[in-house]
Amino acid sequence: MKKVLVAGGAGFLGSHLCDRLLNRADIEKLVVVDNLWTGREENVAHIRDPRFSFVRSDIEEFRTSDKYDEVYHLASPASPPWYMREPKRTISANLIGAFRLLDVLKKGGRFCFTSSSEVYGDPLVSPQPESYKGQVDCTGPRASYDESKRCTESLLFEMQRTQGLDVKIVRPFNVYGPRTRPDDGRAVSNFAAQALTGRPITVFGDGLQSRSWGYVDDIIDGFARFFWMNETDYRGPLNVGNDREISVLEVAQYVSRLAGGAPIVFEPSPPHDPTNRRPDLTNANYVMPEWSCAISYEEGVAKTLEWFREEMNITTAQVDQAGSRRLGKAGR
Ligand code: UDP
């Protein structure tokens, strides 16, 4: 029976991963360590499993005498406005967090880390295979995130090389879905929250920059398959994403349509906003041939909008009203 620790387990991805972990019968104890910086207690409030416990702490400061068979490191903000506001804290969570987690890992245990497609920076190659070295600026405004993900990957692969550490690293691409904070600041969640509250949808730049939007259930399914795999000759890291690339403007227009015609406004681009992002899934298809991103962005965005509507306690009638108010205004 295994003892498992999930750092960042009250976050968007972390909480979905906990749900999957608790389906496993070989786990006797699941501890979530989360400082609730970007995570939310509500994300794990539904868990009633006696094996589960929650500790509110920075991962760097977490103290325990226990050792764990598996550790999952998801303790990091992932939204640009959040990590750009607190870059030092972001670097610390990723890197010092990883050092701390190495200390609590049992000898022979497995270390799983969620890196990011941001390690490719603003890519000059499309789609991006894991072997692409990326185009990242270590003095740029996104560096706290990009470079701490890169450095944590380096730390773990070097531990693998020199000490045989069992390491599993994934690089997710633009994940969206239920349990994103309404004030998260990333595209899909912003668009949903804006459209539902009668505010205009903000598209940064001309909106022609593109991303590969992955619905959370598909992405977590990919994580689980890779993280729990024992027999593979692929050492990672592994891209996990949807390889259908869609412009930001198209997503904004789709959300607008779903929400009764919310207006779209154009605002200046954030600094160093990557122009494109698409995973090369050759390795993912090789390692887990039965996996794919089955949920289209049309379906996933609609589900996400519905979740936000419930979460923010907005009735369909209110959304319709906001829509007709806008139509009324447009007619005047
Ligand atoms: N974006 C936007 N409006 C928003 C939030 C984001 O147009 O309200 C754009 C952002 O400039 C980027 C893309 O959507 O080009 C994806 O941004 P996000 O923050 O979701 O993820 P990123 O890939 O930048 O980490």
Side-chain angles (χ1 to χ4, degrees), residues 11-13 38 74 76-87 90 94 114-123 126-128 132 134-137 140-150 170-216 219 239-256 258-259 262-279 297 300-301 304-305 308:
F12 166 46
L13 295 183
T38 56
L74 298 96
S76 169
S79 171
W82 285 80
Y83 64 69
M84 285 184 194
R85 255 194 315 269
E86 294 188 76
T90 300
N94 278 288
T114 51
S115 179
S116 169
S117 59
E118 278 282 329
V119 300
Y120 303 122
D122 190 1
S126 180
Q128 296 89 52
Y132 178 53
Q135 216 221 155
V136 186
D137 177 358
R142 300 170 83 99
S144 66
Y145 188 71
D146 304 0
E147 297 290 3
S148 62
K149 291 293 187 193
R150 289 170 70 100
V170 289
R171 293 176 173 170
F173 283 64
N174 288 83
V175 192
Y176 69 95
R179 300 191 198 157
T180 331
R181 302 174 66 97
D183 61 351
D184 171 83
R186 278 175 287 180
V188 175
S189 51
N190 258 10
F191 297 167
Q194 290 164 337
L196 290 172
T197 52
R199 289 173 291 152
I201 292 176
T202 53
V203 168
F204 300 155
D206 58 12
L208 299 182
Q209 70 275 28
S210 56
R211 295 290 188 275
S212 302
W213 314 92
Y215 188 67
V216 64
I219 303 301
N239 286 341
V240 181
N242 190 328
D243 62 356
R244 188 169 156 219
E245 195 172 3
I246 309 276
S247 75
V248 170
L249 184 59
E250 187 176 331
V251 176
Q253 287 167 335
Y254 181 61
V255 173
S256 163
L258 289 178
I264 292 174
V265 294
F266 291 88
E267 293 191 353
S269 293
H272 293 212
D273 196 10
T275 54
N276 68 98
R277 197 57 77 58
R278 178 152 83 100
Y297 99 86
V301 168
T304 307
L305 197 71
F308 268 97

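One-based numbering, in listed order, for ligands and for the atoms of each.
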| task | Please confirm whether Tyr83 comes within less than 3.5 Å of ligand 1 when only nitrogen or oxygen atoms on both sides are compared. | result | no
| Roughly how far, to the nearest 0.5 Å, is the CD atom of Gln209 from the CZ atom of Arg277? | 11.5 Å
| Just one of Thr38, Asn94, Thr114 clears the side-chain hydrogen bond (donor to acceptor under 3.5 Å, both in side chains) bar with Ser76, so which one? | Asn94
| To the nearest 0.5 Å, how far apart are CG in Leu13 and CD1 in Ile219? | 8.5 Å
| said: Considering non-hydrogen atoms of the protein only, which is the closest contact for atom 20 (O) of ligand 1, and what is the distance? | reply: Ala187 N, 2.9 Å
| Near Asn190, which atoms of ligand 1 are under 4.0 Å from a heavy atom of that residue? | 4 (C), 5 (C), 8 (O)
| task | May I ask you to identify, for Ile201, whether its side chain, its backbone, both or neither come under 4.0 Å of ligand 1 on a heavy-atom basis? | result | neither
| request: Output the list of atoms in ligand 1 that are nearer than 4.0 Å to some heavy atom of Asn174, sorted by atom number. | output: 21 (O), 22 (P), 23 (O)
| Applying a 4.0 Å heavy-atom criterion (strictly less than), which segment of Glu267 is in contact with ligand 1: side chain, backbone, both, or neither? | neither
| request: Nearest 0.5 Å please: distance from the CZ atom of Arg142 over to the CD atom of Glu118. | output: 4.0 Å
| remark: Residue, atom and distance of the protein heavy atom nearest atom 18 (P) of ligand 1 read Arg186 CG, 3.7 Å
| Hey, is ligand 1 close enough to Phe204 that some N/O pair sits below 3.5 Å? | yes
| Proximity of Gln209 to ligand 1 by residue part, where a heavy atom lies under 4.0 Å | side chain
| note | With heavy atoms and a 4.0 Å threshold, my read on which part of Arg142 contacts ligand 1 is side chain
| message | Counting only heavy atoms closer than 4.0 Å, does ligand 1 sit against the backbone of Pro80, its side chain, both, or neither? | response | side chain
| task | Applying side chain to side chain contact (heavy atoms under 4.5 Å, CB included) between Phe191 and each of Leu258, Leu305, Val255, report the one that passes. | result | Val255
| message | With no hydrogens and no angle check, just 3.5 Å: does a side-chain donor-acceptor pair link Tyr120 and Asn239? | response | yes
| message | Any nitrogen or oxygen of Thr202 lying under 3.5 Å from a nitrogen or oxygen in ligand 1? Just yes or no. | response | yes
| Evaluation steps, salt bridge (Lys or Arg N to Asp or Glu O under 4.0 Å), between Asp273 and Arg211 | CA-CA 11 Å; Asp273 196 10; Arg211 295 290 188 275; 2.9 Å; yes
| query | Of all the atoms in ligand 1, which lie at a distance below 4.0 Å from a heavy atom belonging to Glu118? | reply | 25 (O)
| said: Below the 3.5 angstrom mark, is there an N/O of Arg277, backbone or side chain, next to an N/O of ligand 1? | reply: no
| query | In ligand 1, which numbered atoms sit nearer than 4.0 Å to a non-hydrogen atom of Gly185? | reply | 5 (C)
| Is there a heavy atom of Gly205 sitting under 4.0 angstrom from any atom of ligand 1? | no
| request: Measure the distances from the heavy atoms of Phe191 to every atom of ligand 1 and state whether one is below 4.0 angstrom. | output: yes
| message | Closer than 3.5 angstrom, by distance alone: can the side chain of Ser256 be matched with the main-chain N or O of Ala252 as a donor-acceptor pair? | response | no
| task | Please test Ser210 against Glu245 for side chain to side chain donor-acceptor pair (under 3.5 Å), starting from the C-alpha separation and ending with a verdict. | result | CA-CA 6 Å; Ser210 56; Glu245 195 172 3; 2.7 Å; yes
| Looking only at protein heavy atoms, which one is nearest to atom 16 (C) of ligand 1, and how far off is it? | Arg211 NE, 3.7 Å
| message | So for Ser79, does at least one of its heavy atoms come nearer than 4.0 angstrom to any atom of ligand 1? | response | no
| message | If the cut-off is 4.0 Å to any non-hydrogen atom of Val203, which atoms of ligand 1 fall inside it? | response | 7 (O)
| query | Just checking, is any N or O donor in the side chain of Asp122 or Thr275 under 3.5 Å from an acceptor N or O on the other one? | reply | yes
| request: Among all protein heavy atoms, pick out the one at the shortest distance from atom 13 (C) of ligand 1; state its residue, atom name and that distance to 0.1 Å. | output: Val248 CG2, 3.6 Å
| query | What's the spacing between Tyr254 OH and Ile201 CD1 if we round to 0.5 Å? | reply | 12.5 Å
| remark: Any heavy atom of Asp273 under 4.0 Å from ligand 1? The part involved is side chain
| Cut-off 3.5 Å, side chains only: do Gln128 and Ser117 have a donor facing an acceptor? | no
| request: Apply the side chain to side chain contact (heavy atoms under 4.5 Å, CB included) test between Trp213 and each candidate in Val175, Thr304, Val248, Val301; give the one that qualifies. | output: Val248
| query | Which atoms of ligand 1 have any heavy atom of Pro270 under 4.0 Å away? | reply | 11 (O)
| task | Mind checking the OH-OH spacing from Tyr176 to Tyr297? Nearest 0.5 Å is all I need. | result | 9.0 Å
